[in-house]
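We use all heavy atoms of the structure for the numbers below, so side chains are in, but hydrogens, waters and symmetry mates are not. Convention: sequence-line order gives letters A, B, ...; per-chain numbering from 1.
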Amino acid sequence: MRLSELFFTSLRDDPAEAEMPSHRLLLRAGYVRQLGSGIYSLLPLGFRVSQRVEQVIREEQDRIGGQEMEMPVVHPAEVWKDSGRYYKIGPELVRFKDRGERDMVLAMTHEEVVALLLRDIVQSYRQLPMMVYHFQTKFRDEPRSRGGLIRVREFVMKDAYSCDLDDAGLDVSYRMQYEAYERTFKRLGLDAIAVGADVGIMGGSGAHEFMVLNEYGEDTLVLCDHCGYAENQQIAQVRKPDPPAEAALPMEDVATPDATTIDALATFLGVPSSKTAKAAFFVTGDGRFVAAIVRGDHDVNETKLVNVLKATGGLRPAQLDEIKARGMEAGYGSPIGAKDAVIVVDELVMRSPNLVAGANRVGWHVKNVNVPRDYTPDLVAEITNAREGDPCITCGSPVKLRNGIEVGNIFKLGTDFTIAFGSMYLGEDGARHPIVMGSYGIGVGRNVACIVEAHHDEKGIVWPDEVAPYAAHLVAIGAGRDPKVAELADRLHDLAKDAGREILYDDRDESPGVKLTDAELLGMPWILTVSARSLAAGGVEVTRRQSGERRTVGVEAAEALLRTGSLPTA
RNA sequence: CGGGGCGUGGCGCAGCCUGGUAGCGCGCGUGCUUUGGGAGCACGAAGUCGUCGGUUCAAAUCCGACCGCCCCGACCA
């Protein structure tokens, strides 16, 4: 591909809005352009990378028996109403009406469609197990997109669905996908780790997320270097040792002017935050008012809280007037004297004597609160976030917290969807059973961005061979003056094309500085320079982008590199 | 949805406070020179100053509304 003809331009300056290296480099090097918030075009170079990433994913899905197909982007809303998700999912599910006033949705994922297809096609246990997948555009109206391609609203996702006879079969499929993901991310040049994860809107019995560590990551991971424990903070547990034993003392009101935060309260009273209780107020999607009580030195984990409450539609923070209406006072809140509220208490609070809690009066707290002596919890559960340095749940070593970007996920779905849609098979035993499903996603664009995050330097992108849009970048310097240079460069370009390994050929009439700078910015694994100087030195200058290693080789060696993708060993 | 910031040729920005008919660098076009690390000179093209409304003799500039984009937050009161 001649650079003079490529639909592309590189930018000399960093785009103002790009913060993450991947975003900045993909814009500057002419791989992508933004159309709207969280909506991007892939220019030819970006599309080629995306295609190569897809191909790696495809090969690994095919290897475990996945069958590629394609399902629609636009679904009749009926389908989503039948599964119940039409009502459970918030505004991120785009809803609209067609010309006939029929409710439609833009698909976020395809469990419903697969379940419907199974009902249609699978009759007998002889047709299972079975695994299908597709690459398809998703639109999710995220509340806030960010980070270039990392979190977008429209994106291509590989989603796969396993269909098994029973849980044991699902375990096998799940394992196969787990291993396919490990191979996939390794080939993509990503150092992904699998962490246990919440099942969220997918339901089901288990899930892993494949995470790439990154400071801009939106997920927090709880990791133990000692035993290898790794889970998303949303579900991670740590050991929470008993506090020192104390005899329960009588409650006592204490004036605490302006102490509306735990820090202020602990400072004012001269006690550690672990001797206080914190109240957080929420309203569930199904309309319940919730007061969550954790110790002052911990934070409420909303995911755990949602799961304990079995709250459909999630949680939102309560408004001040809603809190007051339940007999509580924001900043000085506790369940003492509360009414019409679901009181959820962290189990550590149950074990912690004589805490300072809110008095539900402005400027007042209560000392020596003991549960359940002083108020009655509706639910007791483990509802806090793991903290840096907490003891690992399995081995007791201090855990660390790291940010991660989710590059893929795998879910054990179970039978929720197939029961909802009546997707049954007739078993060997003559009885009808629901098909057991799993679902497995990889976001293609996000992986492209993560690859750049992991493979770049101060000069530009450094593509791994497996996903580079072109294997080599051929730079001709001074071709206008020296016919020999033009002749050799043209010939090498044609030779690569004839060998079925098209390369990028910078035939532009630009200064050497521009061309060499662009070559490093664009990031092809090999940079070949043809110039009067290289000819005088014996042929073609070859630079390995990854290592920066540079040497001049003979024309035959350069030809071999273009034909085979590697330099013949001297 | 809450808070903050920004919107001026393709890109990066100044001008706005203190209203007076739009500017810089890069890029782009033509010509000449130059040619291994973002070349030089000359000439040139290109902007409804996000949109709508208001104030004013006069608005990029002041006021209001709206739209768009970016960042933080949407978790503890």
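Side chains of A:I150 and A:R146 form no contact here, defined as non-hydrogen atoms less than 4.5 Å apart.
Rounded to whole Å, the distance from CD on A:E302 to C1' on B:G73 is 13 Å. The interatomic distance linking A:L355 (CG) with B:C76 (C1') rounds to 16 Å, in whole Å. As a whole-Å value, the separation of A:Q319 CD from B:C1 P is 14 Å. To the nearest angstrom, P of B:G2 lies 15 Å from CG of A:L320. The interatomic distance linking A:D297 (CG) with B:C76 (C1') rounds to 13 Å, in whole Å. Regarding A:F8, its CZ atom lies at a distance of 16 Å from the P atom of B:C11, rounded to whole Å. One interatomic measurement links the two molecules: CE of A:M328 to P of B:C76, which rounds to 16 Å at whole-angstrom precision. Protein atom CZ of A:R24 is 17 Å distant from nucleotide atom C1' of B:C71, rounded to whole Å.
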*asked:* I need a per-nucleotide contact map over nucleotides 40-45 of chain B, read 5' to 3'. Cutoff is protein heavy atoms under 4.0 Å; write B for the base, S for backbone only, - otherwise.
replied: ------

*Footprint string (nucleotides 28-39 of chain B, 5' to 3'): B base within contact, S backbone only, - free, heavy atoms under 4.0 Å*: S------BBBBS

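Using P as the reference atom, B:A59 and B:C52 are 14 Å apart when rounded to the nearest Å. The C1' atoms of B:C76 and B:C70 are separated by 28 Å, rounded to the nearest whole Å. Nucleotides B:A65 and B:G25 are separated by 38 Å at their P atoms, to the nearest Å. B:G47 and B:A22 have their C1' atoms separated by 9 Å, given to the nearest Å. Taking the C1' atom of each, B:U21 and B:U48 are spaced 15 Å apart, rounded to whole Å. For the C1' atom pair drawn from B:C1 and B:C62, the interatomic distance equals 31 Å after rounding to whole Å. Spacing between B:C13 and B:C49 at atom C1', rounded to whole Å, works out to 14 Å. Between the C1' atoms of B:U61 and B:G19, the separation comes to 6 Å (whole Å).
Pairing of B:A39, defined by two Watson-Crick or G-U wobble distances under 3.5 Å, is identified with B:U33. B:G7 is paired with B:C67 under the Watson-Crick or G-U wobble criterion, all donor-acceptor distances under 3.5 Å. Nucleotide B:G73 has B:C1 as its partner under the Watson-Crick or G-U criteria, with both atom distances under 3.5 Å. For B:G44, the paired nucleotide is B:C28, the pair qualifying as Watson-Crick or G-U wobble because both relevant distances are below 3.5 Å.
The cationic atom of A:R95 (NZ for Lys, CZ for Arg) lies less than 6.0 Å from the six-membered ring centre of A:Y86 and within 45° of the ring axis. Cation-pi contact between A:R48 and A:Y470: present, with separation from the ring centre below 6.0 Å and deviation from the ring axis of at most 45°.
Checked against the 6.0 Å centroid threshold, A:F268 and A:W364 do not count as a close aromatic pair.
Nearer the 5' end of RNA chain B, as judged by each residue's closest nucleotide, is the contact made by A:G38, out of A:G38 and A:A330.
By the 30° and 60° cut-offs, the orientation of the rings of A:Y40 relative to A:H23 is perpendicular.
Taking CE of A:M328 as the reference point, atom OG of A:S334 lies at 8.0 Å (rounded to 0.5 Å). We find the NE2-CE distance between A:H493 and A:M1 to be 8.0 Å, quoted to the nearest 0.5 Å. Note that CG of A:N301 is 9.5 Å distant from CD1 of A:I235, once rounded to the nearest 0.5 Å. Rounded to the nearest 0.5 Å, atoms CE (A:M251) and NZ (A:K367) are 13.5 Å apart.
In this structure, A:S37 reaches the B:C70 phosphate: one of its side-chain N or O atoms is under 4.0 Å from OP1 or OP2.
Among the heavy atoms of the strands, none lies under 4.0 Å from A:Y332. Counting non-hydrogen atoms under 4.0 angstrom, A:G36 reaches the backbone sugars and phosphates but no base.
Under a 3.5 Å cut-off, the side chain of A:T543 and the backbone N or O of A:R545 do not form any donor-acceptor pair.
Partner of A:T384 under the side-chain hydrogen bond (donor to acceptor under 3.5 Å, both in side chains) criterion, out of A:K304, A:K240, A:H298: A:K240 alone.
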